[in-house]
Structures are given as structure tokens and as C-alpha cells.
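Since the structure comes first, as C-alpha cells, the remarks are kept for the end.
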Amino acid sequence: MITLRQANEADNAALWDMLEPVIRAGETYALETDLDRADALAFWCGEGHEVWIAEIGPERLGTYYLCANKRGPGDHVANCGYISHPDAQGRGVARAMLDHSLDRARESGFLAMQFNAVVATNARALDIWYRAGFEQTGVNRAAFRHPSAGLVDMFILYRPL
């Protein structure tokens, strides 16, 4: 059974274990691939971020953050970032985090959720987001330098809550 709980400072090592391979791969987040632990944690656990850990028993298999997409008059739209541990594939962790984040966003008073930069080659994530009712509302052409696919598009996805 997948459980989700808010992360705390004691989770920093586990967060880094999940963040580092994704950052180093450079395939899904527009972050420097040589980002160090402190900067990666500062990004993931940034001001205004509510950070969650997905677990099956003692295994920490995923994390997501929830925050306002914009400030001021745009703060009614949520934004999230998600990372699943490679051992989580096929175990429903990504979908559990998405469902949980949609519920948390509603509970927090958000009216919609928007993903600003989904890399076009991230087929697994796109499949989950589309099946959950997200629609592509924009595209930034050749906005991401993928390490093996070259310049690829980034999509903006949106869903009312």
C-alpha cells in the first residue's frame, strides 16, 4: 500500500537519492546536471513548497512538491513537480502522487493545476497527465536540450480542479 506523508528535514538524504539521478540524467527537468545536493534540495523544498514523500512500507519511492504556480493574481493555480524512484516503476506510485497532489491542491483552495514545462520526450509522465484530464494548452518549441534527442518541445498542461 502506498502512503504519502509530508517530508521533513530528516528526509533530505532520501530526497537527494531520488533527485540526484533525475538531475544528472538531464532528461526531464530544466536544471543544471551538475547541481549539488544543497542547491537541489533548495530547489525542491523551496519557499512555498509543500513537499511529500510516497512510501511503500519503509521504501521511499517518490516525492512531489505542491506550490502556487504564480504569485498575486495567479496564486489560485497550483503547480507541482514529481520524481519517482526507478524502483517505483509499474507500482502505481506516480499516479498515487498525482491523485494526492490534486486532492491537496483542492484542499488548499487552488482552482486549477498547471505544469509549465513538461518535456515532450517524457512519454510516461505525459500519459499519466493526459489520462488524469490535463490538456495541453501551449507548446514552447525546441525549448529543452535533451541529452540524446537534441532540441525538443516543452508542453504547458492545465486542468481545472
Side-chain angles (χ1 to χ4, degrees), residues 4 6-7 11 15-16 18-54 61-86 88-89 93-161:
L4 282 117
Q6 274 196 282
D11 293 309
L15 286 170
W16 176 238
M18 289 183 269
L19 294 170
E20 184 181 24
V22 171
I23 290 168
R24 299 290 179 254
E27 297 174 343
T28 56
Y29 280 89
L31 296 169
E32 301 87 354
T33 57
D34 63 349
L35 202 64
D36 66 23
R37 181 181 192 264
D39 288 338
L41 290 171
F43 164 74
W44 199 256
C45 304
E47 184 178 341
H49 287 200
E50 183 177 291
V51 179
W52 291 83
I53 300 275
L61 295 173
T63 180
Y64 81 85
Y65 67 79
L66 169 70
C67 63
N69 190 49
K70 301 291 180 192
R71 296 170 30 173
D75 67 0
H76 62 287
V77 177
N79 177 262
C80 287
Y82 306 86
I83 289 182
S84 296
H85 190 282
Q89 286 189 4
V93 172
R95 184 60 200 231
M97 289 191 298
L98 174 60
D99 291 344
H100 188 268
S101 68
L102 291 169
D103 289 342
R104 284 293 305 142
R106 274 189 221 90
E107 292 167 8
S108 299
F110 291 107
L111 303 179
M113 187 173 288
Q114 178 173 312
F115 303 142
N116 300 316
V118 181
V119 179
T121 54
N122 194 350
R124 292 179 76 107
L126 286 166
D127 179 58
I128 291 169
W129 308 157
Y130 290 143
R131 283 189 288 125
F134 283 83
E135 294 182 14
Q136 181 182 321
T137 59
V139 60
N140 295 313
R141 301 279 178 217
F144 189 84
R145 284 189 314 270
H146 191 278
S148 61
L151 294 177
V152 297
D153 296 345
M154 294 181 89
F155 301 140
I156 301 167
L157 301 181
Y158 182 87
R159 179 195 151 162
L161 298 175

Can you name the nearest heavy-atom pair linking A25 to P147, along with the distance? O-CG, 3.3 Å
The criterion is ring pair (Phe, Tyr, Trp, His ring centres under 6.0 Å); which residues satisfy it with F155, sequence neighbours excluded? none
Counting distance only, does the side-chain N/O of T63 pair as donor-acceptor with the main-chain N or O of I53 below 3.5 Å? no
If I take atom CG from residue L19 and atom CD1 from residue I83, how far apart are they, to the nearest 0.5 angstrom? 4.5 Å
Contacts of E27 meeting salt bridge (charged side-chain N to carboxylate O under 4.0 Å, His left out) (sequence neighbours excluded), chain-then-number -> none
Any W129 side-chain heavy atom under 4.5 Å of L98 side chain: yes
With sequence neighbours excluded, residues passing salt bridge (charged side-chain N to carboxylate O under 4.0 Å, His left out) with E20: R24
Working to the nearest 0.5 Å, report the span between CZ of F110 and CG of N79. 9.0 Å
How far does CG of L4 sit from CG of D99, to the nearest 0.5 angstrom? 10.0 Å
Apply side chain to side chain contact (heavy atoms under 4.5 Å, CB included) to residues L151 and R145 and explain how you reach the verdict. CA-CA 5 Å; L151 294 177; R145 284 189 314 270; 3.4 Å; yes
When the side chains of residues 30-43 are checked against the rest of the protein, which donor-acceptor pairs come out under 3.5 Å, sequence neighbours left out?
unit_1 : atom_1 : unit_2 : atom_2 : d
D36    : OD1    : A38    : N      : 3.3
D36    : OD1    : D39    : N      : 2.8

What pairs with D103 under salt bridge (charged side-chain N to carboxylate O under 4.0 Å, His left out), at least two apart in sequence or on another chain? R106
For H85, give me all partners under ring pair (Phe, Tyr, Trp, His ring centres under 6.0 Å), at least two apart in sequence or on another chain. none
Tightest non-hydrogen contact, residues V51 and C45, listed as CG2-CA, 3.9 Å
The side chain to side chain contact (heavy atoms under 4.5 Å, CB included) partners of A143 (sequence neighbours excluded) come to N140, M154
Residue pairs meeting side chain to side chain donor-acceptor pair (under 3.5 Å), one or both in residues 118-127, sequence neighbours left out, come to D127-R131
At what distance, to the nearest 0.5 angstrom, does CD1 of I128 lie from CE of M97? 8.5 Å
Taking the side chain from R104 and the backbone from L66, do they hold a donor-acceptor pair closer than 3.5 Å? no
Hey, does L157 have a side-chain heavy atom less than 4.5 Å from the side chain of Y130? yes
My understanding is that only residues two or more places apart in sequence, or in another chain, count here; which of them pass side chain to side chain donor-acceptor pair (under 3.5 Å) with H100? Y64
Nearest 0.5 Å please: distance from the OH atom of Y65 over to the CD atom of E50. 13.0 Å
Going from CZ on F144 to OG1 on T28, what distance comes out if it is rounded to the nearest 0.5 angstrom? 6.5 Å
Distance-only, no hydrogens or angles: does the H49 side chain make a donor-acceptor pair with backbone N or O of C67 under 3.5 Å? no
Please enumerate all residues that pass salt bridge (charged side-chain N to carboxylate O under 4.0 Å, His left out) together with D153, with sequence neighbours excluded. R141
With V77, which residues qualify under side chain to side chain contact (heavy atoms under 4.5 Å, CB included), at least two apart? N69, A112, Q114, Y158
Set of residues satisfying side chain to side chain donor-acceptor pair (under 3.5 Å) with respect to Y82, sequence neighbours excluded: S101
Heavy-atom closest contact (C80 atom, M113 atom, distance): SG-CE, 3.7 Å
